[in-house]
Amino acid sequence: MTTTPPPWPGDPLPERELELAAADRAVDALCRTRPEGGLLVYSGAAGIGKTSVLARVRARAAERCTVRSTRADPGTTAVPFHTARALFAPDLADTDGLAALLGPHRALAGPALGLTTPGEEPADPQGVQDALVALTARAARRHRARPLVLVLDDAHWADGESLGWLAALGPRLARLPLLLVVAHRPTEHAAEESRPHLDALGTAARLRVTLRALSPEAAAGLTRRALGTGADDALGRALWDATGGSPYELAELLARLREHPLDPGADQASAVRELAATVRGHRLADRLGGLGPDAARLAWAAAVLGAGIPLRLAASLAGLSPGRQATATGELRAARVLNPGDTVDFTHPLVAGAVYDAVPRTLRTTFHGRAAWLLTAEGHSPAAAARHLLEVHPDQDPALVEQLRRAAREHLAVGAPDAARRCLERALREPPEHHLRAHVHHELGCAALLTSPADTVRHLRTALELPGLDDTLRADATFRLAQALAHNQQMREASLSVAFAAATTEPGPERLRLQAAHFMYDAFRATEDDGPGRSRRLAQLADPLAGETNAERALLTLRAFDGMLRGENHTVVAEFCERALTDGHPAPGLGWTDTVWGFEYPCLAGITYAWIDELDRAEELFGEAVRAYEISGWSGGHLAFAHMLTGAVLRRRGRLAEAETRLRESLRLADRIGTGLPVHWDAVCLLVDTLLARGRTADAQRLAEARGFGPPYPDAMILPDAPSVHGRLLLALGRTDEAVAALEAASAMAERGRHNPVWAPWRRDLAGALATRDPERARALTRRLRVDAERFGTPTALGMALGCEAALAPAGAAPALHARAVAHLEESPARDELARARVALGLATGDRDQLHRGLLLARTCGADALAEQARSALA
């Protein structure tokens, strides 16, 4: 893209030596034998000289580096990934190396960069962003001989999707042979959705420079350089006073004075002030008035179309013949409105903004409407034309509504839900025809699902209240409404929404889908009015099913999960899982990336396997999830959840160090999409539990405090039982009174009929806390724990219950109970529990072999405190 040359080409930029020296140092670091990348950010008000500084940075870097640069434009702020495409245009045009550049992310990056046709389904925004980051890394390594420098001017006008990519890239630049140089106005001039990205870039920058106005001395020096040594300091001071030291305004005034010197007898200060008024604000565009109507209309059309659009299209929009276009173009270049070239390129953003503001309001709206159809006729996609349709006055135009809906689908397909939301919101203002309003609200609710659960709820509720949706769409809208409510921690509302819809839907597949969702969201609630009653109703509905349809498989999955939580015999629970799956895998339509039923059902099957000691089955399912999400580019909340579930399996196996690593990765991924989400609570709960198992109590406490882990808990159930884990943390901290209260609160699980002693081991910990305070209550707790464990029947549950009983038993009875605990846990996949049981047996009997074996196993598991306990006993 052509950019404005410095106002004093060839000469040093006055008072910018430090800013340019910083860029020189960054380029030096990039060109070392071991390249060091980085990020430079220049900020400052309009006209302060950012473009001139970047022009010099580009020129200096080009001597040793491969430079890619572009300047964002207000006209493309609403065009997703426009800036990314502009920066990589030369690389994308290299057809020979394109396949290697895109690599395995072609399906995600290709549509975003305009290289391939988008698919039918929405792309995951986080996955697209990650694909672009990976593509950038490949491009940087590809240009290692002449390291890559990316330069972005006027970043405050860049589209939000491209800024999100650059913000994600920022923290990784130090490890890449790549230098990113960005300039922007103060963030209040950026779109609201772009401000966090600009702030993130500033945080990641190795250097952030705010450009200041020039001093009076610099203004005097530039005046003499431009007008000759005869220009006195008084004129330089007058110019500085009139411009406030703005380099752009100063350069413009000097250009005017070169062409039309001041009358020697005139009052210099007054004349300069009058002249300065013509280079800023609305007066800047007044110069068009002296150029004639053709030049004015061409400039207005160019301002509406925006930078980079062929001038012939601007002439067509203005209604000019080729001959009149040539004349008007020459006049605009002579008046320093347009730069030379075949595309729209204003000499400065201030000029473009002033010309756009000067377009009469009615004509501006007309131009935007005609521009949309003109671009469509030229073969541009609906998404490219949509930015103009956003500016057209509402007029009940069905064709415009349809074009905006098509543009929204295209935006979603390339991973730009915010752009889709803008199109659909504008379509509603048109408004659509009566029978289509519910459809547009439904589409808008689906578009906002990943970015704004509150907006999703509002629009889907409106869609369901309006006529126009058939049974399939009504069921889909209800299902997505429940997803959004659950995502927003409103489990009761999610359950009620699908329950009402199920009751008012005719018998058939859609009704079964809604019934299954009702049972699921009730099961997910932390509190429930009638848990045992819901379990009975679910059992009556699901027990006879064979699993022949996806609706039956979904209900059987819920039945297995509920049975696991209730502590039913693990073999019965496993049989329900088998009927819910197809050859041990999710059935087609119920897979990890299928959106009709949602990913919750395979999740519940894997969680059930994990807590009935079928960890190989759980690990296989969750491994499929990670692979499916990585292949599909779903690297947001879904991938975070898959890593959390894999971490849960590792925690259950007792591979504590690996579990910690996987759970921290889950939190990192989840943090990119928001805070306070269900996956945050699950990952934090599991990580606190893992750290406690490792004996790292202080780390667990810091994590819990930093993440707000503790009461009050959300309405959504947390994996595993959060009050049990929090009570164990308080016990480890020595806060026994608080721990007892927390563990007593955890007994609500039993009131709901949930007696799985591994999922919610509150009885074991409470019995230990009450051993000396209330030994009779402690013994009662261990007896009930033993009953629950024998009913559930897994080796882990039996071993944990016997170990608890042994810890409270008389000295003579304890060794036999400890030995039985070890025998059961030898059949369990929970290696850390076996290590704990061996150490307990060794301590109770003085058996050094058991202590030694417990020590080795504890070290293998990463249970550091247990290993130290065994080592001390052996010593």
Side-chain angles (χ1 to χ4, degrees), residues 526 565 567 611 648 651-652 654 656 684-698 700-701 703-704 709-711 713 717-752 754-789 792 794 796-809 814 817-818 821 825 828 830 832-837 839-840 843 863 865-866 869:
L565 291 177
W611 263 267
R651 166 65 187 95
R652 292 281 297 111
L656 304 177
V684 169
C685 184
L686 277 164
L687 187 50
V688 168
D689 182 53
T690 301
L691 292 170
L692 289 174
R694 301 197 69 183
R696 290 165 50 183
T697 304
Q701 181 185 20
L703 174 68
F709 176 67
Y713 301 105
M717 182 178 64
I718 299 170
L719 168 75
D721 179 51
S724 297
V725 174
H726 189 245
R728 194 177 317 124
L729 171 61
L730 294 172
L731 274 180
L733 292 171
R735 293 155 57 178
T736 307
D737 291 341
E738 297 172 71
V740 168
L743 293 167
E744 293 281 13
S747 66
M749 291 289 286
E751 295 172 7
R752 295 184 63 183
R754 297 180 172 180
H755 300 287
N756 185 324
V758 182
W759 177 279
W762 61 273
R763 283 194 175 92
R764 179 174 72 165
D765 294 318
L766 183 56
L770 296 176
T772 56
R773 295 183 172 202
D774 189 349
E776 185 57 37
R777 173 88 195 283
R779 284 192 290 272
L781 287 166
T782 58
R783 287 194 296 271
R784 181 52 201 259
L785 178 62
R786 178 88 168 267
V787 170
D788 289 344
F792 192 43
T794 65
T796 302
L798 290 166
M800 290 171 60
L802 287 164
C804 178
E805 191 174 348
L808 301 179
L817 289 169
H818 281 304
L825 289 168
S828 162
D832 63 317
E833 292 291 345
L834 175 59
R836 196 177 313 279
V839 171
L843 291 172
L866 180 63
Q869 182 186 16

If you define the side chain from C-beta out and look only at heavy atoms, does anything of [X] sit under 4.5 Å from [Y]?
X: Tyr713; Y: Pro723; value: yes
X: Arg752; Y: Leu565; value: no
X: Pro711; Y: His726; value: yes
X: Leu785; Y: Leu781; value: no
X: Val725; Y: Ile718; value: no
X: Met800; Y: Pro761; value: yes
X: Trp759; Y: Leu719; value: yes

Name the atoms and distances for all side-chain donor-acceptor pairs under 3.5 Å in residues 801-809, with sequence neighbours left out.
residue	atom	partner	partner atom	Å
Glu805	OE1	Arg786	NH1	2.5
Glu805	OE2	Arg786	NH1	3.2

List the atom of [X], the atom of [Y], and the distance in Å for their closest heavy-atom pair.
X: Ala742; Y: Gly727; value: CB-CA, 4.0 Å
X: Phe792; Y: Trp611; value: CZ-O, 3.1 Å
X: Leu743; Y: Arg728; value: CD2-N, 4.5 Å
X: Ala830; Y: Ser828; value: N-OG, 2.9 Å
X: Pro720; Y: Leu686; value: CD-CD2, 3.5 Å

Nearest 0.5 Å please: distance from the [atom1] atom of [X] over to the [atom2] atom of [Y].
X: Glu833; Y: Arg652; atom1: CD; atom2: CZ; answer: 8.0 Å
X: Leu656; Y: Leu692; atom1: CG; atom2: CG; answer: 11.0 Å
X: Thr697; Y: Leu729; atom1: OG1; atom2: CG; answer: 7.5 Å
X: His755; Y: Asp788; atom1: NE2; atom2: CG; answer: 6.0 Å

N/O donor to acceptor pairs below 3.5 angstrom from side-chain atoms of residues 773-780, sequence neighbours left out:
residue	atom	partner	partner atom	Å
Arg773	NH1	Asp737	OD1	2.6
Arg773	NH2	Asp737	OD1	2.5
Asp774	OD1	Arg777	N	3.2
Glu776	OE1	Arg779	NH2	2.9
Arg777	NH1	Glu744	OE2	2.7
Arg777	NH2	Glu744	OE1	3.4

Next on the checklist: List the residues meeting side chain to side chain donor-acceptor pair (under 3.5 Å) with Ser724, not counting sequence neighbours, and say none if there are none.
Outcome noted: Asp721

Checklist entry - Can you list the steps and then say if Asp832 with Arg694 is a salt bridge (charged side-chain N to carboxylate O under 4.0 Å, His left out)? => result CA-CA 9 Å; Asp832 63 317; Arg694 301 197 69 183; over 6 Å; no

